[in-house]
Amino acid sequence: MSRTEAKKPSLCTNDPLTKERISFSLSVLSGIVKSCYGPTGRLKQLHNGMGGYVRTTSQSSALLDGLSITHPVLKVLTASVQNHISRFSDCGLFTAILCCSLVENFQRINFAACTVTKISRHLLSLSTDYLKSEACGCRISVDFDNIKTLLSLVRSILASKPACMLNKTEVNHLSTLVLKAFLLTIPHTIETNVVLGKCVIVPVKDKRVMDSTVFPGLLIEIPEFQLARTFPVKRVSSSTIKMALFCISMSGDLSSIGEGTVIVHHGISLEVAVLDQLLNLGKQLVNDQVGLVVCQKVVHPSLKQYLKEHHVITIDRVGVSMMEPLSKMTGSQPIAALHSVSPTCYGSLKDLCTESFVSKHFLHLIPNDTLVCSLILCNRSEMAWDELKLACQTAEHVLQLTTKQPLALLGGGCTETHLASYIRHKSFTLPTNVLKAIDCSRTQYQLVADAFCRSLECVACCLEHDDGEILTDMVYGHFWSIPSGFPCDCNWSDLALKCGCGIYNNQRNLNWTVLRSQCIPFAPQSCSNEPSIHSTDHLVLDCFTAKCSGLQVAVETANLILDLSYIVEDQN
């Protein structure tokens with residue numbers, strides 16, 4: 001059959017970054033992510049223009065998922081950032097801002113892309129080697145015996161999400177709960193391959209944040225009418241309740257048996273036959289002294305009634321999301337058959353009780369060894385609750401990453417400005433043999449290094465959204481912010497009260513300079529031995545693993561974008 005319309009040739013765009021439309025789109029994306037950064041970041045409303053749910057957010061995962069990206073260059077950038085977020089949860093805005101800034105600053109120096117790429121890769125290696133070395137002056141060790149450092153890490157994440165609508169008291173309360181919930185998921189026994197448990201977030205919306213709480217074990221919501229007829233429960237012993245976990249429908253229908261032909265003999269009722277099979281299964285469960293039956297899907301009312309008469313509690317419709325924590329907590333193996341159930345599939349619980357919270361009622365499953373816990377999370381509105389849930393999940397993931405690598409980087413812009421000072425100093429003292437290996441001149445290296453450092457400083461500057469002045473000190477290379485509207489005759493020492501991470505105050509004899517102004521390169525001093533690090537209550541910290549990965553992703557993605565010579569788009 002002939003084509004009704006002639007095939008269009010592919011659209012080929014050479015030197016895409018020089019095109020005005022692409023540069024403008026990149027600038028717009030850069031402006032969006034920069035304006036969202038930090039605890040005072042501006043919120044964005046996302047909707048599809050056709051009505052429906054409106055999301056208000058400043059978090060990178062929600063923001064990038066909600067943006068409609070069409071141009072291939074921007075798709076490369078956002079895909080890289082989203083892949084980073086999927087692996088590390090944190091530092092998505094940092095990665096996006098740094099990548100955009102690197103592309104913009106590298107373009108301005110107008111070098112060949114291959115030269116910029118070689119030098120920037122060396123700068124990346126220099127940065128990561130420094131951050132991972134013992135001599136790094138902007139990282140600290142995380143001691144799991146010191147609760148203040150861990151709380152600071154969680155608090156820094158929650159406080160940087162303005163759409164959660166939290167005040168300081170609420171941030172402190174939730175930080176404690178998130179940390180407590182995480183500690184409950186750590187096994188008591190130390191093994192070679194430690195597997196962490198799971199924290200299940202239970203939503204309670206339109207309630208006070210301060211009502212949020214943590215329960216060891218698992219909470220399964222049940223209707224109010226079921227509360228009165230839940231107990232007593234069949235027990236193996238005073239401290240053991242046997243449990244069976246089913247992942248198939250037990251409603252009596254045939255939808256779960258799969259495809260194929262069913263042969264029914266004359267005079268046989270299929271419904272009765274299936275119900276008989278369910279009741280036979282119920283008899284086996286009773287004989288095996290099972291006290292709790294949990295089903296992912298629906299349980300037939302007759303089977304429920306039979307089990308109830310024998311003091312076996314039945315909970316159905318728990319959903320697929322609860323199957324993993326239920327299996328992990330009780331040791332149950334999900335049962336996918338209605339016949340010949342092996343006793344090895346059963347799990348066990350220490351106890352069962354009921355809990356009522358506001359207008360919701362729960363069955364509380366108390367395990368022998370707490371590896372699963374339930375975080376009842378409250379917030380004033382649905383929008384704020386969605387943001388808070390995402391922030392708490394990020395904080396939990398960051399704590400998990402920190403157990404593998406117990407380090408943290410100074411937050412509040414101090415790591416970026418400190419690292420920029422270090423790279424500037426190293427670029428001026430780089431040995432000649434290194435320049436020969438990279439195949440570039442010292443001038444080329446210093447210009448690219450300056451663009452690299454300006455990009456890092458740009459990320460720090462994005463923390464200021466109210467036209468304040470940004471300073472850096474000439475000793476530690478930390479970030480200092482001065483509110484707008486200060487008198488011209490004031491001393492900076494009177495205005496710069498505390499650095500971004502909170503370690504230093506203006507009582508020290510520091511010399512300040514405006515960030516990104518011309519100054520003599522210096523080697524920033526380390527603050528890792530400062531006694532105030534572990535004693536400061538409100539230290540601002542960033543996830544070490546996530547930020548190091550974000551730095552690498554930003555540089556490599558910027559190099560990839562700069563190296564694009566052609567874009568070929570199929571127009572059919």
Side-chain angles (χ1 to χ4, degrees), residues 181 184-185 197-205 213-231 233-234 241-253 255-257 278 281-282 284-286 288 290-308 310-338 341 345-377 389 393:
L184 286 171
T185 65
K198 188 176 183 63
C199 173
V200 177
I201 295 178
V202 180
V204 178
K205 302 172 185 178
T213 188
V214 172
F215 285 93
L218 205 56
L219 295 178
I220 299 179
E221 189 171 359
I222 57 177
E224 186 177 5
F225 69 84
Q226 198 171 347
L227 278 178
R229 56 187 197 182
T230 297
F231 295 94
V233 58
K234 192 180 189 72
I241 298 172
K242 195 178 288 186
M243 172 185 154
L245 180 64
F246 290 88
C247 59
I248 59 169
S249 173
M250 301 173 74
S251 63
D253 59 19
S255 60
S256 60
I257 65 174
L278 286 173
L281 174 63
Q284 181 184 346
L285 294 173
V286 171
D288 289 341
V290 172
L292 174 66
V293 173
V294 180
C295 183
Q296 176 185 332
K297 299 179 181 179
V298 181
V299 177
H300 195 285
S302 297
L303 178 58
K304 278 186 180 181
Q305 181 62 31
Y306 176 82
L307 293 173
K308 178 190 172 186
H310 291 82
H311 306 297
V312 179
I313 297 174
T314 307
I315 304 295
D316 61 352
R317 305 173 193 264
V318 297
V320 67
S321 63
M322 296 291 281
M323 299 302 287
E324 182 192 353
L326 279 166
S327 177
K328 183 175 289 189
M329 184 181 75
T330 63
S332 306
Q333 297 178 25
I335 301 169
L338 298 180
V341 175
C345 295
Y346 299 142
S348 64
L349 289 169
K350 183 179 180 181
D351 203 358
L352 279 176
C353 65
T354 57
E355 301 283 352
S356 295
F357 192 86
V358 194
S359 59
K360 294 191 174 186
H361 306 281
F362 302 94
L363 187 65
H364 185 191
L365 281 60
I366 304 171
N368 293 299
D369 186 14
T370 304
L371 276 178
V372 174
C373 65
S374 300
L375 171 60
I376 292 186
L377 194 60
K389 178 189 177 184
Q393 289 173 331

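Numbers here simply count residues along the sequence, with the first being 1.
Taken from OG in Ser327 to CG in Leu245, the straight-line distance is 6.5 Å, to the nearest 0.5 Å. Between the CE atom of Met322 and the CD atom of Glu221 there is a distance of 10.0 Å, given to the nearest 0.5 Å. Atom NZ of Lys389 is separated from atom CG of Leu375 by 11.0 Å, given to the nearest 0.5 angstrom. Going from atom CD1 of Ile201 over to atom OG of Ser321 covers 11.5 Å, rounded to the nearest 0.5 Å. Here the NZ atom belonging to Lys198 is positioned 10.5 Å from the CG atom belonging to Leu218, to the nearest 0.5 angstrom.
Contact of the Ile220 side chain with the Leu326 side chain is registered, since non-hydrogen atoms from C-beta on lie closer than 4.5 Å. Proximity of Ile315 to Ile313: side-chain heavy atoms (C-beta onward) are separated by under 4.5 Å at one or more points. Inter-residue side-chain proximity for Val341 and Tyr346 is flagged as met; some heavy-atom pair is nearer than 4.5 Å. Taking 4.5 Å as the limit, every side-chain heavy atom of Val202 sits out of range of all side-chain heavy atoms of Leu377.
Taking all atoms of both residues into account, the shortest heavy-atom contact from Asn368 to Lys350 is OD1-CB, 3.4 Å. Contact detail for Cys353 and Ile366: the closest heavy-atom pair is SG-CD1, 4.0 Å. Contact detail for Leu303 and Gly282: the closest heavy-atom pair is CD1-CA, 3.8 Å. The minimum heavy-atom distance linking His300 with Ser251 is given by the pair CD2-O, 3.0 Å. For the residue pair Pro203 and Lys360, the shortest heavy atom distance occurs at O-NZ, 2.7 Å. Heavy atoms only, all atoms of each residue included: Ala336 and Cys247 are closest at CB-SG, 3.8 Å.
When each of Val200, Thr185, Leu371 is tested with Pro325 by the rule side chain to side chain contact (heavy atoms under 4.5 Å, CB included), just one qualifies, namely Val200. When Leu363, Leu307, Leu285, Thr314 are each tested for a side chain to side chain contact (heavy atoms under 4.5 Å, CB included) with Leu292, only one passes: Leu363. Tested against Val233 for a side chain to side chain contact (heavy atoms under 4.5 Å, CB included), the candidates Val312, Leu349, Ile241 yield a single pass: Ile241.
Under the ring-ring contact (aromatic ring centres under 6.0 Å, His included) criterion, Phe215 pairs with His364, sequence neighbours left out. Among residues two or more places apart in sequence or in another chain, the salt bridge (Lys or Arg N to Asp or Glu O under 4.0 Å) test is passed with Asp351 by Arg235. With sequence neighbours excluded, the residues forming a side chain to side chain contact (heavy atoms under 4.5 Å, CB included) with Cys295 are Phe246, Met250, Lys297, Val299, Asp316, listed by chain and number. Not counting sequence neighbours, His311 has no partner by the ring-ring contact (aromatic ring centres under 6.0 Å, His included) test. Residues satisfying the salt bridge (Lys or Arg N to Asp or Glu O under 4.0 Å) test with Lys328, not counting sequence neighbours, are Glu324. With sequence neighbours left out, Thr330 forms a side chain to side chain donor-acceptor pair (under 3.5 Å) with Ser332.
Side chains of His361 and Ser356: a donor-acceptor N/O pair is present below 3.5 angstrom, by distance only.
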- Item | Working for side chain to side chain contact (heavy atoms under 4.5 Å, CB included), residues Thr354 and Phe362 | CA-CA 6 Å; Thr354 57; Phe362 302 94; over 6 Å; no
- Query: Where do Leu278 and Tyr306 land on the side chain to side chain contact (heavy atoms under 4.5 Å, CB included) test, with the steps shown first?
  - Reply: CA-CA 10 Å; Leu278 286 173; Tyr306 176 82; over 6 Å; no
